[in-house]
**Student:** 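A single structure is presented below for examination.
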Amino acid sequence: MSPFWVVLGRVEGAVGAVLLDREGEELERLALDRSALPDWIASTEHEHGPRWVWNDAPAWYPALLERGIRVSRCHDLRLCRIILRTSALVDRDADVRVPSAWDAAATAMESAPTLFDFDAADGATLPDDLESAVAEFARQRDAIGTSTDPARLRLLVAAESAGALVAAELQAAGLPWSTAEHDRILTDILGARPAAGGVPAKMDAAARRVRGALGDPAASIDSQPKLLRALHRVGVQVESTSRWELAEQQHPVIEPLLEYKKLSRLHSANGWAWLAEWVRDERFRPVYVPGGVVTGRWASSGGGALQLPRQLRAAVRSDPGWRLIVADVAQLEPRVLAAMARDTALADAARGRDLYAGILETGAVDTRAEAKIAMLGAMYGATTGDSGRLVPRLRRTFPRAMALVDDAARVGEDGGVVSTWLGRTSPPPSDGWMQLQARATEADAADGEQTRARRWARDRGRFTRNFVVQGTAAEWALAWLADLRTRLSALPEVDDGSAAPRSGPAFARRPHLAFFLHDEIIVHAPESLAEEAAAAVREAADVAGRLLFGDFPIDFPLDLRIAESAEKT
DNA sequence: CCGAGCTGCGCG
DNA sequence: AAAGCGCGCAGCTCGG
């Protein structure tokens, strides 16, 4: 009988595997020498394609990828536990809620030990032995099975686990990056590359002009307090040195100062030092952190993958003979909101077109820009300014969608928790928050306490309001990634040596994911397969929508282009 | 000398 | 005009 699940973990001096059937009944148990493990995993994957159950994907998967072994499915115990132990869908008394060593590494483990090097794993806080993994897997299966909606949670943990595989593969493959183009952009904007520790020419020139306008040749520009005082001395009365406030001022120092700040930002965040540290073999390899954000979005650690600046997108360049498929979802969050709320009016406004143009057509607002500001305000909880003023108009036109986010806000203000579409639940309020709210309702509460309590309540309301939308959008994106990953892996490898990728693991010889950021993906594909890969990207988006929302009539149109660079047009 | 905290920027 | 969500990071200041 084919194993449906294979649980992996350390046993004395080796690696143990427990093969389970679909219902979790044990079929077989074996111990493998470390050196034999990769081949065994590869052949078992090939023959049975099981779900690999392991404590933490970064501890197992990168080493397999290095050996050219890719798996199609896994169950990541660490990530799934984080979801299940706090999900409102899971029974209050479920064993998975009982605190244990599995919670020690609730956040991503730094520099996880690899499976072929268990001796170095002594410092690891997450359990890595086979029996612990088997027991934890049973707890998690029980939590899902006895939950109020097993189907949704199964989908969520499968998507989350697929994300763990994708993250490891993204890091292994890397984003194709042209060092020469990056250097050209830097030289163009900043001036010639300085000697170590020096300031680039154009940045230095801007600094001199700032100091000239300040009448102080020694003025410090990089220190916010000193710069603020220097500005006050020449009569520029600003409260901060932020760009928007400076831009309002009329003074000769403003123009060069804003210029300096722009150049300085590029130089320090993505200058030559960044290039040397993060780009190797023409690949940018950020560290992705799946589930790193409370809402379920990914975070990143190192390399600043969440900030790939527009200025540098031209440096993202496909290898010779290859192409990039660059795709993002237009207005993902409001579409997700329409589907969650079963708001057919908003879905109609969204279908097959720019959602904001659709809102404009309903007459709820007067311009597309207003539609966008109003919708963002509704999802973020704006109360003032243009945004706050426009939200009530949306409330009249899309009452169901607005009721969903308004309800989420009210629950949060009252100290409750909210959940995404698939069942990821927001953290409860902190003890301090609860104490303040309790204190504010007492008869002798000071005005200041009541004011502060109300402010904290509204703050939390805006968080839960946004949580349901941002978190469900993250789930849609995971489903998109997971389905796309499978489709791409079914495309052929290039056999033409001239079109081989410059660098990367074996799986990168066929179309593969190269970048992911919230609602955008980049696929790197041989030119001959680019159209097929693009079709896969679109099909996966359709599948993700149906997977989450069934036959509710919402679509997720993509802005997609096939190009040699990721530059936004 | 190190780390926490703050400011400011840029990404979705 | 710069609010209303979620992040990471650089560079600075300041306290220990």
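Naming convention: chains lettered A, B, ... in sequence-line order (proteins, then strands); numbering from 1 in each chain.
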**Student:** Measure from CG on A:Asp406 to C1' on C:dG4 and round the result to the nearest Å.
**Tutor:**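 Whole-Å distance recorded here is 13 Å.
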**Student:** For the pair A:Asp542 and A:Arg538, find out whether any cationic side-chain nitrogen is under 4.0 Å from an anionic carboxylate oxygen.
**Tutor:** no
**Student:** Surrounding NZ of A:Lys262 (heavy atoms of other residues, nucleotides or ligands, distance under 6.0 Å), is the total greater than 12?
**Tutor:** no
**Student:** How many whole angstroms separate atom CD of A:Glu248 from atom P of C:dA3?
**Tutor:**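 A:Glu248 atom CD is separated from C:dA3 atom P by 11 Å.
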**Student:** A:Arg335 and salt bridge (charged side-chain N to carboxylate O under 4.0 Å, His left out): which partner among A:Asp555, A:Asp354, A:Asp519, A:Asp343?
**Tutor:**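 Of all the options given, the one that passes is A:Asp555.
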**Student:** Taking CG from A:Leu266 and P from C:dC9, how many angstroms apart are they, rounded to a whole number?
**Tutor:** 17 Å
**Student:** If you take any heavy atom closer than 4.0 Å to DNA chain B, which residues from residues 448-479 of chain A end up in contact?
**Tutor:** A:Gln470
**Student:** Just so I know, are the side chains of A:Leu170 and A:Trp298 near enough to count as touching, which here means a heavy-atom distance under 4.5 Å?
**Tutor:**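 With C-beta onward as the side chain, the pair touches.
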**Student:** Do any side-chain nitrogens or oxygens of A:Thr384 fall under 4.0 Å of OP1 or OP2 in C:dA3?
**Tutor:** no
**Student:** Rounded to the nearest 0.5 Å, what separation is found between the CZ atom of A:Arg81 and the CG atom of A:Leu79?
**Tutor:** 12.5 Å
**Student:** Tell me what A:Ser268 touches on the nucleic acid: a base, only sugar-phosphate, or nothing, going by heavy atoms under 4.0 Å.
**Tutor:** sugar-phosphate
**Student:** A:Leu376 CG to C:dA1 P: how many Å, rounded?
**Tutor:**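 That distance rounds to 20 Å.
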**Student:** Heavy-atom contacts under 4.0 Å between residues 407-427 of chain A and DNA chain B, which residues?
**Tutor:**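 When residues 407-427 of chain A is checked for heavy atoms under 4.0 Å from DNA chain B, there are no hits whatsoever.
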**Student:** Quick check: do A:Ile562 and A:Leu324 have side-chain heavy atoms less than 4.5 Å from each other?
**Tutor:** no
**Student:** Starting at CG of A:Leu228 and ending at P of C:dT13, how long is that distance when rounded to a whole Å?
**Tutor:**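 A:Leu228 atom CG is separated from C:dT13 atom P by 13 Å.
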**Student:** Would you please classify the geometry between the A:His182 ring and the A:Trp274 ring as parallel, tilted or perpendicular, with 30° and 60° separating the classes?
**Tutor:** tilted
**Student:** Can you confirm whether A:Leu548 sits close enough to A:Phe556 that some side-chain heavy atom of one is under 4.5 Å from a side-chain heavy atom of the other?
**Tutor:**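 The answer is no; the side chains never approach within 4.5 Å.
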**Student:** Between A:Arg368 and A:Ala357 (side chain of the first, backbone of the second, donor and acceptor by atom type, cut-off under 3.5 Å), is there such a pair?
**Tutor:** no
**Student:** Rounded to whole angstrom units, what separation is found between the CZ atom of A:Arg229 and the C1' atom of C:dT13?
**Tutor:** 11 Å
**Student:** Could you encode protein contacts along nucleotides 3-11 of chain B as a string, one character per nucleotide from 5' to 3', using B for base contact, S for sugar-phosphate-only contact and - for no contact, with a heavy-atom cut-off of under 4.0 Å?
**Tutor:** ----SBBBB
**Student:** Using the ring of A:Trp456 (Phe, Tyr or Trp, six-membered ring only), decide whether A:Arg452 places NZ or CZ under 6.0 Å from its centre and within 45 degrees of its axis.
**Tutor:**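 Here A:Arg452 passes the 6.0 Å and 45° test against A:Trp456.
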**Student:** Classify A:Gly292 by what it touches in the nucleic acid, base, sugar-phosphate, or nothing, heavy-atom distance under 4.0 Å.
**Tutor:**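 Nothing, no nucleic acid heavy atom in range.
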**Student:** Separation of A:Arg389 atom CZ from C:dA1 atom C1', in whole Å?
**Tutor:**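 Atom-to-atom, A:Arg389 to C:dA1, this comes out as 12 Å.
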**Student:** At 10 degrees resolution, what angle do the end axes of the helix from B:dC1-C:dG16 to B:dG12-C:dC5 form when each is taken over five base pairs?
**Tutor:**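 The angle separating the two end axes equals 0°.
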**Student:** Only distances under 3.5 Å count here; give the side-chain donor-acceptor pairs of residues 465-472 of chain A to other protein atoms, sequence neighbours excluded, each with its distance to 0.1 Å.
**Tutor:**
| unit_1 | atom_1 | unit_2 | atom_2 | d |
| --- | --- | --- | --- | --- |
| A:Arg465 | NH1 | A:Ala378 | O | 2.9 |
| A:Arg465 | NH1 | A:Asp406 | OD1 | 3.1 |
| A:Arg465 | NH2 | A:Asp406 | OD1 | 3.1 |
| A:Asn466 | OD1 | A:Gln470 | NE2 | 3.0 |
| A:Asn466 | ND2 | A:Met379 | O | 3.3 |
| A:Gln470 | OE1 | A:Thr295 | OG1 | 2.7 |
| A:Thr472 | OG1 | A:Trp421 | N | 3.1 |
| A:Thr472 | OG1 | A:Val468 | O | 2.7 |

**Student:** The criterion is side chain to side chain contact (heavy atoms under 4.5 Å, CB included); which residues satisfy it with A:Arg458, sequence neighbours excluded?
**Tutor:**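 By the side chain to side chain contact (heavy atoms under 4.5 Å, CB included) rule, A:Arg458 matches A:Glu413, A:Arg454, A:Arg455, A:Arg462.
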**Student:** When you check the phosphate oxygens OP1 and OP2 of C:dT13, does a side-chain N or O of A:Ser223 lie under 4.0 Å from one of them?
**Tutor:**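 Yes, A:Ser223 has a side-chain N/O under 4.0 Å of OP1/OP2 on C:dT13.
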**Student:** Would the number of heavy atoms belonging to other residues, nucleotides or ligands and lying under 6.0 Å from CZ of A:Arg342 be above 12?
**Tutor:** yes
**Student:** Once rounded to the nearest 0.5 Å, what's the spacing between atom CG of A:Leu231 and atom CD of A:Gln237?
**Tutor:**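 Result: 9.5 Å between the selected atoms.
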**Student:** Using heavy-atom distances to pick each residue's nearest nucleotide on DNA chain C, tell me which of A:Arg297 and A:Gly385 is more 5'.
**Tutor:** A:Gly385
**Student:** Could you tell me how far apart A:Ile373 (CD1) and C:dC5 (C1') are, to the nearest whole angstrom?
**Tutor:** 16 Å
